[in-house]
Every structure is written in structure tokens, then in C-alpha cells.
Protein chains: 2
Amino acid sequence: MLEPAIKKGLRATGRRMTRTRQAVLALLERTHQPLSATEIFEQLHQEKVSIDLVTVYRTLHVLKELGLVVQLDLHQEGLLRYELKEGRTHHHHIRCQVCGRIVDLLLCPLKKVTKLIERQTQFIVDEHTLEFTGLCPECQ
Amino acid sequence: MLEPAIKKGLRATGRRMTRTRQAVLALLERTHQPLSATEIFEQLHQEKVSIDLVTVYRTLHVLKELGLVVQLDLHQEGLLRYELKEGRTHHHHIRCQVCGRIVDLLLCPLKKVTKLIERQTQFIVDEHTLEFTGLCPECQ
DNA sequence: TTCTTATTGCAAGTCTATTGCAAATAACAT
DNA sequence: ATGTTATTTGCAATAGACTTGCAATAAGAA
Ligand SMILES: [Mn+2]
Ligand SMILES: [Mn+2]
Ligand SMILES: [Zn+2]
Ligand SMILES: [Zn+2]
């Protein structure tokens with residue numbers, strides 16, 4: 001239950017905890033896959049929660065601003081996914097090309113590479129994205 | 001001038017070398033940045049080359065099928081970019097958040113990591129994407 | 001030049017995501 | 001409780017990347 005902490009974050013920025021925001025958060029909390037706006041919309045609908053797709057988008061936008069979710073832009077999907085930060089640290093993902101399952105990779109091998117790139121390019125590196133696609137054990 | 005080789009590839013699949021395909025290829029050849037369909041369309045228009053945006057999309061699709069271009073799906077851009085394979089080997093990119101400049105990173109640090117992931121997840125890894133964003137020397 | 005077939009341009013459509021605005025509702029003061 | 005105000009919501013419209021259907025055009029072979 002991370003609701004109290006979130007409520008605080010909302011209030012601190014003049015925002016309100018609403019039933020729709022609660023519904024989105026609760027779904028993200030109980031789902032162990034990064035979800036897209038459409039998936040959230042459809043899942044909540046199945047659960048008879050009345051919410052508009054636009055509201056899902058706006059809720060995710062707010063949660064991102066508050067730093068409560070991470071936005072994932074997985075390779076070649078053409079949509080954005082979101083997962084709760086809650087507990088998890090920076091990590092990356094692998095997605096099955098057949099069934100679409102997304103699995104956390106609990107590693108980031110890019111610390112040293114980032115330093116190297118900064119030296120070589122003179123860029124100041126801010127973010128990176130790293131994702132893998134392939135075949136999951138069941139789809140091989 | 002890679003035109004002869006490309007013409008061969010086109011012919012081998014029952015396709016034709018047309019003035020629009022030549023124009024797109026020539027632009028990709030002389031531009032040292034990955035280009036989006038819209039950018040190609042606008043640049044060619046400025047050069048008084050008559051071409052429809054749809055044709056640009058279709059041309060890029062063909063070039064990708066023939067393995068002549070790489071399609072890049074850079075983080076948070078919401079569009080696809082293309083660069084000629086010609087000469088270049090597998091590599092990654094860094095993009096400046098301010099001016100949008102994209103620079104080649106002539107490295108790929110992921111061979112060992114891929115093996116590790118395959119062992120840990122039981123996936124068969126097929127592809128990966130890796131990109132960096134930051135501030136280029138001029139925009140710092 | 002003629003013929004066949006791939007290619008093109010135009011219009012329309014798809015899909016994800018965003019924006020304007022009036023109605024609904026949460027938070028707060030009375 | 002009741003009213004006041006500001007935020008949030010739903011609906012409709014819109015934006016932007018990309019795709020598809022189809023008739024007109026043009027490439028390449030004969
Ligand atoms: Mn994750
Ligand atoms: Mn490149
Ligand atoms: Zn990382
Ligand atoms: Zn690589």
C-alpha cells in the first residue's frame with residue numbers, strides 16, 4: 001500500500017487524490033508488467049471501473065511528473081508503457097517478440113560506458129535506454 | 001556512389017530504380033545524420049524534387065527490406081529514422097536534448113551482457129537497442 | 001514504340017497521444 | 001451541512017506518424 005505516500009506527493013503540488021487516480025495506481029501496483037495507457041483503460045473497464053482513456057493519459061502524466069512511475073519507450077512498440085518506481089531501482093527490460101511478455105533485467109552495464117562516451121564525444125550524458133528483444137522460454 | 005549495387009538489389013527482387021528512389025538514396029548518402037521520413041520529404045521539397053510523403057515511406061520500407069538502411073527508433077522521439085548501412089557496422093547513438101544533433105557511437109558494449117541475459121532469463125536474445133541522450137558540446 | 005507491371009500520388013483511414021471546454025467533484029471555508 | 005473555489009473529468013476535436021486502396025503514371029522489356 002503506497003497510497004499515503006502518494007497522496008502526500010499529490011497534495012504537496014496542489015493536486016488531489018481521486019478515485020480514478022486510485023484505480024490507476026492500484027492496477028499498476030498489482031500488475032507486474034509495464035502497462036500502456038490503453039491496457040490500463042481496458043483492464044479497468046473490465047473491472048467495471050468507469051474511466052476515460054484521456055483521464056488515464058493525464059493520470060500517467062501526473063504520476064510521471066511526481067516521479068512515481070517510469071515511462072518506458074520499448075523498441076518498435078509505438079506506444080509508451082509505465083511501471084511503478086516503488087522499490088525498484090534503475091533497470092532494463094527484455095520483451096518476447098512472439099507473446100509480448102516483458103521481463104525485468106536487474107542490471108545496468110552502462111556506468112563505465114557512459115564515462116567513456118562522455119570522454120569521447122564531449123557530450124554530458126543524461127539518460128540512456130537499453131532494451132532487448134528475443135524469444136522467451138515458452139515461445140522458443 | 002552505391003547506386004549500381006542498389007540497382008542490382010532492386011532488380012533481383014523484381015523492383016525498379018526510379019527517380020524518387022534515387023533522390024531518397026542520394027539524400028541519405030550525402031547526409032551524415034539519420035533522417036526521418038518527414039525530414040527527407042521536406043529536404044527534397046526544398047531541393048525542388050517532386051515526391052509525395054507516402055512515397056518516401058514506401059521507399060524507406062523497400063530499402064529496409066533490401067537491408068540497405070537501418071531503421072532507428074530513438075528514445076522519446078515518436079518517429080523512425082533511417083541511415084544507410086553502406087560501410088558502417090553495428091553501432092549506437094547519442095542525441096542532444098537541446099539541438100537534436102545525433103552522433104554515432106562507434107561501439108557496442110553488449111556482447112557479454114547478451115550472453116549473461118540469455119543465461120539468466122532463458123530468452124534467446126535477438127536484438128537490442130541502446131541509445132544515449134544528453135547535451136552536446138555546443139549546447140552545454 | 002508498345003506492352004506489361006511496378007510505382008506513384010492522392011485521399012482516406014489507423015493508432016497513439018494531446019488539447020479545449022463545460023460539467024462534475026474534491027478540498028476548504030463558512 | 002452548505003456554499004465556494006479550484007482541480008479534475010469526460011467528451012469531442014485535433015495532432016502527428018504511419019498505412020492502405022485505387023486509379024493514373026512511368027520503368028523496363030520486347
Ligand atoms: Mn521493469
Ligand atoms: Mn549511425
Ligand atoms: Zn541503465
Ligand atoms: Zn549494440
Side-chain angles (χ1 to χ4, degrees), chain A residues 3-4 6-27 34-45 48-66 68-82 100, chain B residues 3-4 6-25 27 34-45 48-66 68-69 71-82 100:
Chain A
E3 216 190 275
I6 288 176
K7 200 160 184 172
K8 214 168 118 191
L10 287 168
R11 301 287 299 282
T13 54
R15 279 181 257 248
R16 298 168 183 177
M17 175 56 90
T18 62
R19 43 181 70 246
T20 56
R21 285 177 181 167
Q22 276 174 32
V24 172
L25 276 164
L27 177 56
L35 297 175
S36 69
T38 306
E39 285 171 349
I40 292 170
F41 172 72
E42 285 170 354
Q43 180 61 38
L44 290 180
H45 252 244
K48 308 295 178 203
V49 177
S50 163
I51 188 172
D52 192 90
L53 179 57
V54 176
T55 303
V56 175
Y57 277 111
R58 290 198 266 232
T59 297
L60 292 170
H61 182 256
V62 168
L63 295 179
K64 187 188 167 196
E65 270 195 358
L66 294 179
L68 296 169
V69 298
V70 188
Q71 190 184 57
L72 307 178
D73 184 3
L74 298 191
H75 183 53
Q76 300 255 329
E77 279 210 309
L79 52 78
L80 298 169
R81 295 182 173 277
Y82 298 83
Chain B
E3 215 191 275
I6 289 177
K7 202 160 183 171
K8 214 168 118 191
L10 287 168
R11 300 287 299 284
T13 54
R15 280 182 257 248
R16 297 167 184 179
M17 176 56 91
T18 63
R19 43 181 70 242
T20 55
R21 284 177 183 167
Q22 276 176 31
V24 172
L25 276 164
L27 177 56
L35 297 175
S36 69
T38 305
E39 285 172 349
I40 292 170
F41 172 73
E42 286 171 353
Q43 180 60 38
L44 290 181
H45 252 243
K48 309 295 180 204
V49 176
S50 164
I51 188 172
D52 192 90
L53 178 58
V54 177
T55 303
V56 175
Y57 278 110
R58 290 199 266 231
T59 297
L60 291 170
H61 183 256
V62 168
L63 294 179
K64 187 187 167 199
E65 269 195 357
L66 293 179
L68 296 170
V69 297
Q71 190 184 57
L72 306 179
D73 184 2
L74 297 191
H75 183 53
Q76 299 254 326
E77 279 208 310
L79 52 77
L80 298 170
R81 294 183 174 277
Y82 299 83

Quick one: [X] [atom1] to [N] [atom2], roughly how many Å, whole number?
| X | N | atom1 | atom2 | answer |
| --- | --- | --- | --- | --- |
| A:I40 | C:dT16 | CD1 | P | 14 Å |
| B:K7 | D:dA27 | NZ | C1' | 10 Å |
| B:I51 | C:dT7 | CD1 | C1' | 11 Å |
| B:M17 | C:dA6 | CE | C1' | 14 Å |
| B:E42 | D:dG16 | CD | C1' | 12 Å |
| A:E65 | C:dT18 | CD | C1' | 14 Å |
| B:L60 | C:dT8 | CG | C1' | 15 Å |
| A:F41 | C:dT16 | CZ | C1' | 14 Å |

Please list, for nucleotides 17-24 of chain D, all pairs of protein and nucleotide N/O atoms separated by less than 3.5 Å.
residue : atom : partner : partner atom : Å
D:dC18  : OP1  : B:L80   : N            : 2.7
D:dC18  : OP2  : B:Y57   : OH           : 3.0
D:dG21  : O6   : B:R58   : NH1          : 3.4

Mind checking whether [X] and [Y] have side chains closer than 4.5 Å, heavy atoms only?
| X | Y | answer |
| --- | --- | --- |
| B:L68 | B:I6 | yes |
| B:T13 | B:E65 | no |
| B:V24 | B:I51 | yes |

Measuring from [X]:[atom1] to [Y]:[atom2], what's the distance to the nearest 0.5 Å?
| X | Y | atom1 | atom2 | result |
| --- | --- | --- | --- | --- |
| B:Q22 | B:K7 | CD | NZ | 6.5 Å |
| A:Q43 | A:S36 | CD | OG | 11.0 Å |
| B:L72 | B:R81 | CG | CZ | 8.5 Å |
| A:L60 | A:L35 | CG | CG | 9.0 Å |
| A:L25 | A:L63 | CG | CG | 5.0 Å |

query: At under 4.0 Å between heavy atoms, what does A:S50 touch on the DNA or RNA strands: base, sugar-phosphate, or nothing?
result: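 The answer is sugar-phosphate, as A:S50 gets under 4.0 Å only of primed atoms, P, OP1 or OP2.
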Atom pairs under 3.5 Å, N or O on each side, protein against nucleotides 28-30 of chain C: can you list them with distances?
residue : atom : partner : partner atom : Å
C:dC28  : OP1  : A:R11   : NH2          : 3.0
C:dC28  : OP2  : A:R11   : NH2          : 3.4

message: Is there a side-chain contact between B:T55 and the phosphate of C:dT8, meaning an N or O under 4.0 Å from OP1 or OP2?
response: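 False: B:T55 side-chain N/O out of range (4.0 Å or more) of C:dT8 OP1/OP2.
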- prompt: Are OP1 or OP2 of C:dA6 and a side-chain N or O of B:R21 less than 4.0 angstrom apart?
  reply: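 It does not, given that no N or O in the side chain of B:R21 lies less than 4.0 Å from OP1 or OP2 of C:dA6.
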message: Nearest to the B:D52 side chain among C:dT8, D:dG28, C:dG9, which nucleotide is it?
response: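 Closest nucleotide to the B:D52 side chain: C:dG9.
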query: Out of D:dG28, C:dC10, C:dT8, which nucleotide sits closest to the side chain of B:T18?
result: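 My answer, after comparing the listed nucleotides, is C:dT8.
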- request: May I ask you to check whether B:F41 and B:H45 place their ring centers less than 6.0 Å from one another?
  value: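 Yes, the ring of B:F41 comes within the 6.0 Å limit of the ring of B:H45, centre to centre.
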- request: Would you name the heavy atoms of B:L79 and B:D73 that are closest together and state the gap between them?
  value: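 Looks like O-OD1, 4.2 Å.
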Considering only nitrogen or oxygen atoms on both sides, find all protein atoms under 3.5 Å from nucleotides 2-6 of chain D and state each distance.
residue : atom : partner : partner atom : Å
D:dA6   : N3   : A:R16   : NH1          : 3.4

message: For a quick check under 3.5 Å, do B:T18 and B:R16 share a side-chain donor-acceptor pair by atom type?
response: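 Side chains of B:T18 and B:R16: no pair found under 3.5 Å.
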- prompt: Can you tell which of B:H61, B:E39, B:Q71 makes a side-chain hydrogen bond (donor to acceptor under 3.5 Å, both in side chains) with B:Y82?
  reply: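 Among the candidates, only B:Q71 passes.
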